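Working notes, beginning with the structure itself.
FYI, the numbering just counts along the sequence from 1. Everything numeric here is computed off the predicted structure, so don't read it as measured data.
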Amino acid sequence: MCEDEQHVQHGSDHGVGRRALFVTGAAAALTLGSVSFPGRAAGAAGASETRTVRGTLPTGAPDFVYLPVDVPSGVREIKVAYTYERPSVPAGTAGNALDIGIFDQRGTELGGKGFRGWSGGARTEFFIRADDATPGYLPGPVREGTWYIALGPYTVAPQGLPYEVTVTLTYGEPGEAVRPVYPPSRARGRGRAWYRGDCHLHSWYSDGRRTPAEIAALARAAGLDFINTSEHNTHAAHAHWADQAGPHPDGELLILLGEEVTTRNGHVLALGTDPGTFVDWRYRARDNRFGKYARRIRQAGGLVVPAHPHATCIGCNWKFGFGEADAVEVWNGAYGPDDEVSLADWDSMLVASVRDRGGRDWIPAMGNSDAHRDPDPVGTPQTVVLADELSREAIQEGIRAGRSYVAESKAVSLSFSATGPKGEHAGIGGRLRVDRDDPVTVRLEVSGAPRCTVRLVTDQGVLHTSPVLPVSGSGTVEWRTTAQYAAYVRAEVRHEAAAGPLPGALAAFTNPVFLGR
């Protein structure tokens, strides 16, 4: 093994070696001095060379710091390991958190082809070669040229962020490249029916701890018919799900492919994109770039779904607006205060949509588990979609149209509709076309919700609250109104409140039925 060391210290002393501040078309990024390998071990199969770079990132560092690595010919594998210091900080002050990923010789251009993987802060090392790669990274040849290790200082302590990156190149024949196999876009379903799904899940291909096989087993146990892969800032998992779809004793599982695009100003689900689709995340709201990547998601056949828009974690709160959204994730994981805020915010958007008839269409809501590891339950909550078949296109069309409701588990089932004076009928996500003064009967049938209360919510607020459902969990609620009195009606099924006037946690809720011409 041939070892060398390059020290790059940057911060207030302006550093040693070549540095450059450049703009990628979005946020500013810092490029450090290149790491070079003389290639003395080239031609000796299995021989390796190592370089180590040390430095310190100051507070206020750019979102991304690129470390160029000049890769010679004849390299079989590139391996990167890194560490950084985590000094103690005062309460309420962010400590150090440093993400990592890599781009190959095709460069770091936004939306370009150079992306080869991202693990965020989930791993301390990774490798790439033609026939294999660390989860979160894309296998393929290690070609000659300048590669870029991407460091993402997510938060920096007041003391700065000292780091160390070690790069090892191993020489030899590249090996046979793997051919990706993807899950089918259609599964055997029940024709036009209600299908249950969870579209926000993490495996060990990002920061989760479960394998695809473990997630698929939990999804079937949760009564799900479909799931969507949503790893943080990588599509590397797409080629590792095919074995979990198709025939199974517990039923076929439709596996949609996507990504959780994790920016510094909020997260968005790319739901059901074409296999192998990468969506870039290296921009903030102020860069005015999100529209381009929302279109990229749709051009790849996916839906744009802002995730947990009012989550309180650093960088999780959604700041891009909802003008590009096909749906919004209102309920994320165990129901909590941030979900209550998201639900109220979504309801305000519904009110705006019915008052501004010249504006955009309404945005449907959905719910997902965001499960990462044990004991996170898969399918809590789950989105139940009325679709013509169990296929990618049909499920997406149902979500986009709002023909769906959200339930905390497979135990909860809802049937919600509105009927006019002449037998006119509309279900969830539909419009009952009646005159303003025509009598309308709204009906909810619920099962699996013992000791819950039903609330009917309109653009005027909560206009009907039912008695507590029996311990059997089943019941029917009817309410009469007019389109003049309620432009839409949606249902909430809530557990008994713990105390005071606050509503209880959700057991289920529906997208609205709209009333009027």
What do the steps show when you test Trp479 against Val489 for side chain to side chain contact (heavy atoms under 4.5 Å, CB included), and what is the final call? CA-CA 10 Å; Trp479 179 61; Val489 185; 4.0 Å; yes
In terms of side-chain heavy atoms, does His372 have a donor or acceptor partner in Asp207 at a distance below 3.5 Å? yes
Sequence neighbours excluded - salt bridge (charged side-chain N to carboxylate O under 4.0 Å, His left out) pairs with any residue from residues 403-417: Glu397-Arg403
Asp225 and salt bridge (Lys or Arg N to Asp or Glu O under 4.0 Å): which partner among Arg196, Arg220, Arg190? Arg190
Within a 6.0 Å radius of atom OH on Tyr485, are there more than 12 heavy atoms belonging to other residues, nucleotides or ligands? no
A side-chain contact here means heavy atoms from C-beta on lying under 4.5 Å apart; do Thr481 and Leu463 qualify? no
Heavy-atom neighbours of Asp435 CG exceed 12 at 6.0 Å: yes
Interatomic distance, Ile255 atom CD1 to Thr229 atom OG1 [nearest 0.5 angstrom]: 8.5 Å
Residue pair Ser447 / Val412, side-chain heavy-atom distance below 4.5 Å: no
Salt-bridge present (Arg192, Glu389; N to O < 4.0 Å): no
Is the ring centre of Tyr405 less than 6.0 Å from the ring centre of Trp194? yes
Closest non-hydrogen contact found for Val471 with Pro450 is O-CB, 3.2 Å
In short, salt bridge (charged side-chain N to carboxylate O under 4.0 Å, His left out) pairs touching residues 293-314 with sequence neighbours left out are Arg298-Glu324, Arg298-Asp326
Spacing of CG belonging to Leu253 relative to CZ belonging to Arg188, to within rounding of 0.5 Å: 13.0 Å
Is there a donor-acceptor pair under 3.5 Å between the side chain of Tyr154 and the backbone N or O of Ile314? yes
How close do Thr262 and Trp281 get, counting heavy atoms only, and between which atoms? O-CD1, 3.3 Å
Pairing of Arg210 and Asp376 as salt bridge, 4.0 angstrom limit: no
Would a 4.5 Å heavy-atom cut-off, applied to side chains only, mark Val440 and Thr419 as touching? no
Tell me, please, which residues at least two apart from Phe416 pass ring pair (Phe, Tyr, Trp, His ring centres under 6.0 Å). none
Sorted by chain and number, sequence neighbours left out, side-chain contact (heavy atoms from CB on, under 4.5 Å) with Ala217 holds for none
Which residues share a side chain to side chain donor-acceptor pair (under 3.5 Å) with Thr510, sequence neighbours left out: none
Find the distance between CG (Asn332) and CG (Asp370) and round it off to the nearest 0.5 Å. 4.5 Å
Salt bridge flag under 4.0 Å for residues Asp287 and Arg264: no
To the closest 0.5 Å, what do you measure between CD1 (Ile215) and OG (Ser203)? 5.0 Å
Less than 6.0 angstrom separating the ring centers of Phe509 and Trp346, yes or no? yes
Would Glu260 and His202 count as having a side-chain donor-acceptor pair, cut-off 3.5 Å? yes
Asp437-Thr482 side chain donor-acceptor pair, cut-off 3.5 Å: no
Straight-line distance of Leu303 CG to Met366 CE, nearest 0.5 Å: 8.0 Å
Testing the basics here: between Pro153 and Ala61, what is the closest heavy-atom pair and its distance to 0.1 Å? CG-CB, 4.2 Å
Test ring pair (Phe, Tyr, Trp, His ring centres under 6.0 Å), reference His240, set Tyr137, Tyr182, Trp204, Tyr205, output is Tyr205
Would you say Tyr488 and Asn511 are linked by a side-chain donor-acceptor pair, where the criterion is simply a distance under 3.5 Å? no
Which atom names give the shortest non-hydrogen contact between Gly111 and Arg282, and what distance separates them? N-NH2, 4.2 Å
For residues 327-345, which residue pairs qualify under salt bridge (charged side-chain N to carboxylate O under 4.0 Å, His left out), counting only residues two or more places apart or in two chains? Glu340-Arg494
Any chance the side chains of His235 and Thr277 put a donor and an acceptor closer than 3.5 Å? no
Step through it carefully: locate the ring centre of Trp318, locate the ring centre of Phe290, and say whether they are under 6.0 Å apart. yes
State, yes or no, whether a side-chain contact exists between Tyr195 and Ile395 at a heavy-atom distance under 4.5 Å. yes
For a 4.5 angstrom cut-off between non-hydrogen side-chain atoms, does Val477 reach Arg443? no
Which atom names give the shortest non-hydrogen contact between Val304 and Ala294, and what distance separates them? CG2-O, 3.6 Å
Scan side-chain atoms only and decide if Ser415 and Glu445 contain a donor-acceptor pair under the 3.5 Å cut-off. no
Measuring from atom CG of Leu469 to atom OG of Ser474, what distance do you get when rounded to the nearest 0.5 angstrom? 8.5 Å
Specify the closest pair of heavy atoms between Ser369 and His200, including all atoms of both residues, with the distance to one decimal. OG-O, 3.6 Å
Charged N-O contact under 4.0 Å between Asp374 and Arg209: no
Does the side chain of Ser409 pick up a donor-acceptor pair with the side chain of Gln382 at under 3.5 Å? no
Cationic N near anionic O, under 4.0 Å, Arg490 to Asp347: yes
